[in-house]
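Letters go in sequence order (proteins before strands), and every chain restarts at 1. Atoms considered below: every heavy atom in the structure, side chains included; atoms not considered: hydrogens, waters and symmetry mates.
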Amino acid sequence: MPEFRLYNTLTRRVEPFAPADGHTVRMYTCGPTVYNPAHLGNFRTFLFEDLMRRTLKLAGWGVEQIMNLTDVDDKIIRKAAALGTTISHVTEPFTELFHQDRRYLRIEDAEGYPKATAHIPEMVALVERLIAKNVAYEAEDGSIYFAIDRFPNYGQLSQLDKRELRTGARVAQDEYAKENAQDFALWKAAKDEDEATGAAWDSPWGRGRPGWHLECSAMAMKYLGETFDLHAGGIDLIFPHHEDEIAQSEAATGKTFARCWCHGEFLLTDGAKMAKRVGNVANVVELREQGISGTAYRHFVFNAHYRKQLNLGEDSLEQSRAAVRRIGTFAKRLAEATGGTEALVAAASKAEHAFIDALFDDLNAPEALAALFTFITEANRELDTGGTDVAALDRARAAFRMIDGVLDLVPEQEADAELATWVEERIEARKAARERRDFGAADAVRAELVARGISIEDSAQGTRWKRL
RNA sequence: GGCGCCGUAGCCAAGUGGUAAGGCAGGAGACUGCAAAUCUCUCACCGUCGGUUCGAUUCCGACCGGCGCCUCCA
């Protein structure tokens, strides 16, 4: 096994990575704010994290992944207030939808999905620690802020020390209560709207609610320890979210928070960042409606490196759909084959090595995909020769299983029994027509099948069919 | 203004100091009753201009073009 390497935002370099205890990678990934459906851009990040966890397992480690669900924040409260309901009524259905969408994209279950609202005591405790360390202060209204001036390392992740914040723009809209315009809220004093929507809790500083950054620090430390291996998220979270997490966590514990930070780049749509406010979002629901499989979207995402912007263009998904179809056809062929050749073994072994080398080199999924497709071409060539070596075939199957265990790109088989029965019946009718050399009738049957979205192919083993 | 990323074939997209993976689409051929699937062959001088070098798409600089962060936005 080659050494596993990963780009670390903290050092801005690709460097060797391994879990501190040598066995289990403890990783924290920022999850969705559940006030509306997560869009495909959000899922690009979650898919990158899925690839990450599967690759870590391939490297022989265990994975303990925690993904938080932000179920209390300004937008949720605003929405609940507008609907005259509580925040949980807003967040529950979207939490359910998130998991549905996630499964559609075959994103593996994390080991835990803690909710912010279920960890208020932990957050309050963290704030108390920060106050005790004198790095946090209470403002007149009862809100608690973190004083970045009192944390010397502030800015290490985003390289803020090298920045000049644009004067004017930001300062103007900051509350007067802060000592420094860049101080961030750990705890926000409750407003009427918070109380009305069930977004306020008791604390030593009166009623209030946690700041956004606080939840991640509190939950990460609760489930993964004060120091853990990996923290990942979208690139936009580097500043201020992750910077603030580091500040509040390390100021409290005096220890390194996350040993390595990884950030995925954005998904663009027609050249602009996919975002609600830009109005160019697409969701998983739309994917389903258009008959685009989760595997096609996985392919689209994995076809580009996670640290590069990726544009969702006009026929991006169509191209991926076709690519994934090829993988599916191959999977079926491999399953039905009866024997292989010596060259098939060589191809399998080469593919495994190329695949692992690619993924272990900072998750180079495009190159890993190339290894898969090269294997498909070579294996098809061997399968065409009609070998009889069963052990060789098993070897090829094992290689494919390993590869697809990470990429998970074989499209789902049709599970509709009624449709299947009908298709089988039509295929029998066509076979009969062909046997009496009535090709007109045979073609008519095929046209009938195509009209229902079924394509067929004749082979030595009989006629196969699949959905288009 | 500060910080960062990118510009490779019709489209998507890896990669390397010594003349460029893979996918989609396309072209020619094989197979097929016809198809489909599959196989074979085919399709790029890597944004522009300089510099370093025996040699650069790959290093440096400038320029042009695109994108992101600095706004609790993955």
Side-chain angles (χ1 to χ4, degrees), chain A residues 9 12 29-33 38-49 70 73-75 158-170 173-174 182 184-185 188 211-213 232-241 244 263-268 271-278 299-300 302-305 307-327 329-330 332-333 354 358 364-374 376-377 380-385 434 437-440 442-443 446 450 455-459 463-466:
Chain A
T9 307
R12 313 261 157 174
T29 47
C30 289
T33 299
H39 62 245
L40 294 183
N42 298 312
F43 277 111
R44 180 189 184 193
T45 297
F46 301 146
L47 241 16
F48 137 63
E49 292 160 352
T70 300
D73 91 320
D74 291 354
K75 283 168 298 204
S158 56
Q159 304 193 320
L160 198 72
D161 49 318
K162 295 201 303 188
R163 297 180 182 219
E164 254 179 52
L165 280 186
R166 187 180 218 152
T167 48
R170 181 181 168 124
Q173 54 182 252
D174 278 310
Q182 289 180 55
F184 57 90
K188 296 178 162 186
W212 174 39
H213 316 304
I235 194 169
D236 56 332
L237 297 184
I238 292 175
F239 187 88
H241 188 231
D244 292 349
H263 295 94
E265 256 292 357
F266 278 128
L267 175 70
L268 313 181
K273 170 183 173 180
M274 182 178 280
K276 196 99 195 288
R277 74 172 71 91
V278 183
H299 173 91
F300 168 69
F302 294 158
N303 197 221
H305 189 92
R307 284 193 288 113
K308 270 194 158 182
Q309 292 176 348
L310 172 62
N311 187 44
L312 179 62
E314 192 65 38
D315 50 71
S316 304
L317 263 14
E318 270 312 313
Q319 294 185 4
S320 285
R321 196 222 286 256
V324 149
R325 198 180 293 145
R326 177 155 206 246
I327 296 172
T329 301
F330 174 71
K332 204 163 180 182
R333 184 174 190 194
N364 193 333
E367 206 158 281
L369 267 174
L372 169 59
F373 280 105
T374 300
I376 289 177
T377 297
N380 268 325
R381 189 186 304 149
E382 290 311 310
L383 258 21
D384 274 357
T385 67
R434 293 178 73 207
R437 303 193 68 76
D438 181 355
F439 297 120
D443 286 348
R446 181 164 55 202
V450 168
S455 89
I456 55 175
E457 56 187 79
D458 297 324
S459 75
T463 300
R464 272 199 290 265
W465 65 276
K466 64 184 173 189

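- Using a 4.0 Å heavy-atom distance criterion, A:Ile456 is classed as a base contact.
- The existence of a salt bridge linking A:Asp384 and A:Arg381 is excluded, since no basic side-chain nitrogen approaches an acidic carboxylate oxygen closer than 4.0 Å.
- No more than 12 heavy atoms of other residues, nucleotides or ligands sit less than 6.0 Å from atom CZ of A:Arg437.
- Of the C1' atoms belonging to B:U57 and B:A9, the separation is 14 Å, rounded to the nearest Å.
- Across all strands shown, B:U38 pairs with B:A30; the Watson-Crick or G-U wobble distances both stay below 3.5 Å.
- Backbone-only contact: A:Arg326 has heavy atoms under 4.0 Å from sugar-phosphate atoms and none from a base.
- Between A:Asn380 and B:C39, a side-chain N or O to OP1/OP2 separation shorter than 4.0 Å is present.
- For the pair A:Arg381 CZ and B:U40 C1', the interatomic distance rounds to 9 Å; values are reported in whole Å.
- No contact: A:Lys276 has no heavy atom under 4.0 Å from any strand.
- Both A:Asp384 and A:Ser316 lie near RNA chain B, and the one whose nearest nucleotide falls closer to the 5' end is A:Ser316.
- Comparing B:G7 with B:U32, their P atoms sit 46 Å apart, to the nearest whole Å.
- A:Leu310 comes within 4.0 angstrom of sugar-phosphate atoms only, judged by non-hydrogen atoms across all strands, and of no base.
- The side chain of A:Arg333 places no N or O atom within less than 4.0 Å of a non-bridging phosphate oxygen (OP1 or OP2) of B:U38.
- In this structure, B:G4 and B:C67 make a Watson-Crick or G-U wobble pair, each of the two defining distances being under 3.5 angstrom.
- Contact between the side-chain N/O atoms of A:Arg307 and the OP1/OP2 oxygens of B:C5 is not found at any separation under 4.0 Å.
- Between the side chain of A:Gln319 and the base of B:C11, at least one donor-acceptor pair of N or O atoms lies under 3.5 Å.
- Residue A:Thr374 is classed as a sugar-phosphate contact, given heavy-atom separations below 4.0 Å to backbone atoms only.
- Considering only side-chain N and O atoms, A:Lys308 lies under 4.0 angstrom from the phosphate OP1 or OP2 of B:A14.
- Aromatic stacking is not marked for A:Phe373 over B:G22, as the cut-offs of 5.5 Å for the centres and 30° for the planes do not both hold.
- Among the heavy atoms of the strands, none lies under 4.0 Å from A:Ala275.
- Per the geometry, CD belonging to A:Gln309 stands 17 Å off C1' belonging to B:U8, to the nearest Å.
- Considering only side-chain N and O atoms, A:Asn364 lies under 4.0 angstrom from the phosphate OP1 or OP2 of B:G15.
- Among the atoms of the strands shown, only primed sugar atoms or phosphate atoms (P, OP1, OP2) are found under 4.0 Å from some heavy atom of A:Thr377.
- A residue-by-residue look at A:Gly271 and A:Thr329 shows that A:Thr329 has its nearest nucleotide of RNA chain B further toward the 5' end.
- Proximity of A:Lys273 to the phosphate of B:C69: a side-chain N or O atom is located under 4.0 Å from OP1 or OP2.
- Distance from the side chain of A:Arg44 is smallest to B:A74 among B:G23, B:A74, B:G33.
- Rounding to whole angstrom units, NE2 of residue A:His39 and P of B:A74 are separated by 7 Å.
- Using a 4.0 Å heavy-atom criterion, one finds that A:Arg434 contacts the bases of the nucleic acid, with or without backbone contacts as well.
- For B:A56, there is no paired base (Watson-Crick or G-U wobble, both distances below 3.5 Å).
- For the pair A:Ile327/A:Phe373, a side-chain contact is recorded, criterion being any heavy-atom separation below 4.5 Å from C-beta on.
- If you check every strand for non-hydrogen atoms under 4.0 Å, A:His305 touches sugar and phosphate atoms only.
- Applying the 3.5 Å distance criterion, the base of B:G33 shares a donor-acceptor pair with the side chain of A:Asp443.
- If you check every strand for non-hydrogen atoms under 4.0 Å, A:Gly41 touches a base.
- Side-chain contact between A:Phe300 and A:Leu310: present, with at least one pair of heavy atoms (C-beta onward) separated by less than 4.5 Å.
- Atom CG of A:Asp236 is separated from atom C1' of B:C67 by 14 Å (rounded to the nearest Å).
- A salt bridge links A:Arg464 with A:Glu457; the closest basic N to acidic carboxylate O contact falls under 4.0 Å.
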